[in-house]
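So you know, we letter chains A, B, ... as the sequences are listed, proteins then strands, and number each from 1.
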2 protein chains.
Amino acid sequence: MMFSKACEYGIRAAVYIALQSLEGRRVSVTEIAEEIDSPVAFTAKILQQLNRNKIVHSVKGPTGGFEIEREDMDSVKLNMIVKAIDGDQIYKGCGLGLKECNALQPCPLHDKFVDIRTNLKKMLQNTSLYELAMGLEVGLTYLKR
Amino acid sequence: MMFSKACEYGIRAAVYIALQSLEGRRVSVTEIAEEIDSPVAFTAKILQQLNRNKIVHSVKGPTGGFEIEREDMDSVKLNMIVKAIDGDQIYKGCGLGLKECNALQPCPLHDKFVDIRTNLKKMLQNTSLYELAMGLEVGLTYLKR
DNA sequence: TTAATAAAGGACAATTTTATCCGATTTATA
DNA sequence: TATAAATCGGATAAAATTGTCCTTTATTAA
Ligand code: FES
Ligand code: FES
């Protein structure tokens with residue numbers, strides 16, 4: 001609804017990698033896809049994007065896999081992942097589909113829409129991977145059902 | 001981003017029809033598509049859905065077209081249009097793509113996501129077509145650029 | 001009653017998003 | 001050094017969304 005499927009997988013994958021990195025484990029795409037219940041090859045593509053954007057770190061070869069440095073778990077916020085995968089339509093897009101959102105020639109929904117989008121933006125900017133991984137670790141939240 | 005293209009066209013079309021109905025004018029798909037800058041045939045399909053859902057009223061034949069009764073402009077809220085076109089994923093969907101949003105087995109983003117979605121929901125439930133049409137009439141807002 | 005006008009609806013086409021497959025590359029270890 | 005394990009990256013396929021075309025149906029007005 002709000003994010004593309006690719007973006008949803010990307011966030012779930014990043015949170016899972018963060019959680020495992022906290023335990024000092026590097027994880028493979030196969031394991032990630034298994035644990036977040038996503039298509040393996042598609043997930044691999046998304047992880048490539050996240051790697052290029054320095055959101056996760058990948059290591060090739062045996063004992064390789066994906067990991068996230070402890071300090072990156074704090075500095076990487078959700079908005080970076082969304083931006084890396086879905087681009088900045090979430091920032092620039094008009095709620096009613098006009099070419100771009102523009103306060104000088106606003107669509108009828110502009111004011112109310114901007115209001116909500118601002119909240120969403122703030123939430124994404126303030127939510128770190130670490131924060132999300134913690135809920136998982138404590139067993140309060142789930143990445144699949 | 002938030003709504004499908006079909007939904008965006010649907011809302012724009014409904015607002016335009018409302019505005020014209022206020023002037024006592026019935027409008028054709030051709031005119032609507034022209035005025036909201038949307039593909040004609042696709043817009044026609046969407047208007048059929050809105051008609052079936054009693055959100056707009058259609059009349060066939062010469063002098064026919066689409067219209068919205070004055071009282072419906074007040075009672076029809078945006079959430080009805082969104083529901084008619086995009087279904088209720090906006091209500092039931094999980095932000096991270098789990099089968100459904102479920103507070104008993106929440107995804108890591110659940111609390112923050114529900115918060116924002118609730119605001120969106122309220123906004124859609126409280127916004128009437130009349131309200132949106134007024135901004136247009138006064139010349140403060142635009143349906144195309 | 002006929003001609004013209006407008007929406008309804010079905011079939012089809014194009015585009016975008018989601019998903020798969022497979023060979024190339026990197027790297028640890030036996 | 002050979003082998004195997006893992007990501008990378010390109011090509012392709014499937015599915016969903018967006019968009020078009022054309023025939024049918026209803027209705028008005030001459
Ligand atoms: S112009 Fe439509 S949301 Fe800003
Ligand atoms: S479970 Fe994910 S948003 Fe509620």
* To do: Begin with the C-alpha distance, continue with both residues' side-chain angles, and end with the deciding distance and a verdict on salt bridge (Lys or Arg N to Asp or Glu O under 4.0 Å) for Lys92(A) and Glu100(A).
  => CA-CA 6 Å; Lys92(A) 299 185 178 168; Glu100(A) 79 230 315; over 6 Å; no
* To do: May I have the distance from Gln49(A) (atom CD) to dT7(D) (atom C1'), rounded to whole angstrom?
  => 15 Å
* Geometric cation-pi criterion Lys144(A) and Tyr16(A), 6.0 Å radius, 45° cone -> no
* To do: Between dA8(C), dT27(D), dA28(C), spot the one nearest the side chain of Pro62(B), thanks.
  => dT27(D)
* What's the closest nucleotide to the Thr63(B) side chain, out of dT18(D), dC8(D), dA29(D)? -> dA29(D)
* Asked: Nearest of dT20(C), dA6(C), dG10(C) to any side-chain atom of Lys45(B)?
  -> dG10(C)
* Asked: Whole Å only: how far is the CG atom of Asn51(A) from the P atom of dT26(C)?
  -> 14 Å
* Structure fact -> Winner on side-chain proximity to Arg52(A), out of dT26(C), dG9(D), dT18(D), is dG9(D)
* NA contact type, Thr30(A), heavy-atom cut-off 4.0 Å: base, sugar-phosphate, or nothing? -> nothing
* Structure fact -> Ranking dC8(D), dA8(C), dT20(C) by distance to the side chain of Phe66(B), first place goes to dA8(C)
* Which whole-number value in Å describes the distance from Asn53(A) CG to dC8(D) C1'? -> 15 Å
* Assign each of Cys7(A) and Gly61(A) to its nearest nucleotide of DNA chain C by heavy atoms, then name whichever residue's nucleotide is nearer the 5' end. => Cys7(A)
* Of all the choices, dC8(D), dA8(C), dA7(C), which nucleotide is nearest to the side chain of Val29(B) once you look at every atom? -> dA7(C)
* Asked: With a cut-off of under 6.0 Å to the ring centre and 45° to the axis, is Lys45(B) in cation-pi contact with Tyr9(B)?
  -> no
* Under 3.5 Å donor-acceptor, Arg52(B) side chain and Ala84(B) backbone -> no
* Structure fact -> When rounded to whole Å, the CG to C1' distance for the pair Leu47(A) and dC8(D) reads 12 Å
* To do: Name the nucleic acid region contacted by Val27(B), choosing base, sugar-phosphate or nothing; use a 4.0 angstrom heavy-atom cut-off, strictly under.
  => sugar-phosphate
* Asn102(B) versus Tyr142(A), side-chain donor and acceptor atoms under 3.5 Å -> no
* To do: Give the rounded distance in Å between these two atoms: CD of Glu8(B) and P of dT17(D).
  => 14 Å
* Asked: Picking from dG9(D), dA7(C), dT25(C), which would you name as closest to the side chain of Gln48(A)?
  -> dG9(D)
* Asked: Which of these nucleotides, dC21(D), dG19(D), dT18(C), is closest to any side-chain atom of Phe42(B)?
  -> dG19(D)
* **Rounded distance in Å - CD (Gln89(A)) to P (dT16(C))** => 13 Å
* To do: For the residue pair Asp72(B) and Lys54(B), establish whether any side-chain heavy-atom pair is separated by less than 4.5 Å.
  => no
* Measure the distance from CD1 on Ile32(A) to P on dC8(D) and round it to the nearest whole Å. => 10 Å
* Asked: If each of Lys60(A) and Gly65(B) is mapped to the nucleotide of DNA chain C with the nearest heavy atom, which maps nearer the 5' terminus, i.e. the 5' end?
  -> Gly65(B)
* Verify the contact: side-chain N or O of Tyr9(A) to OP1 or OP2 of dA19(C), cut-off strictly under 4.0 Å; return yes or no. => yes
* Structure fact -> Looking only at dA8(C), dA29(D), dT18(D), the nucleotide nearest the Lys5(B) side chain is dT18(D)
* Quick one: Ile85(B) CD1 to dT17(D) P, roughly how many Å, whole number? -> 13 Å
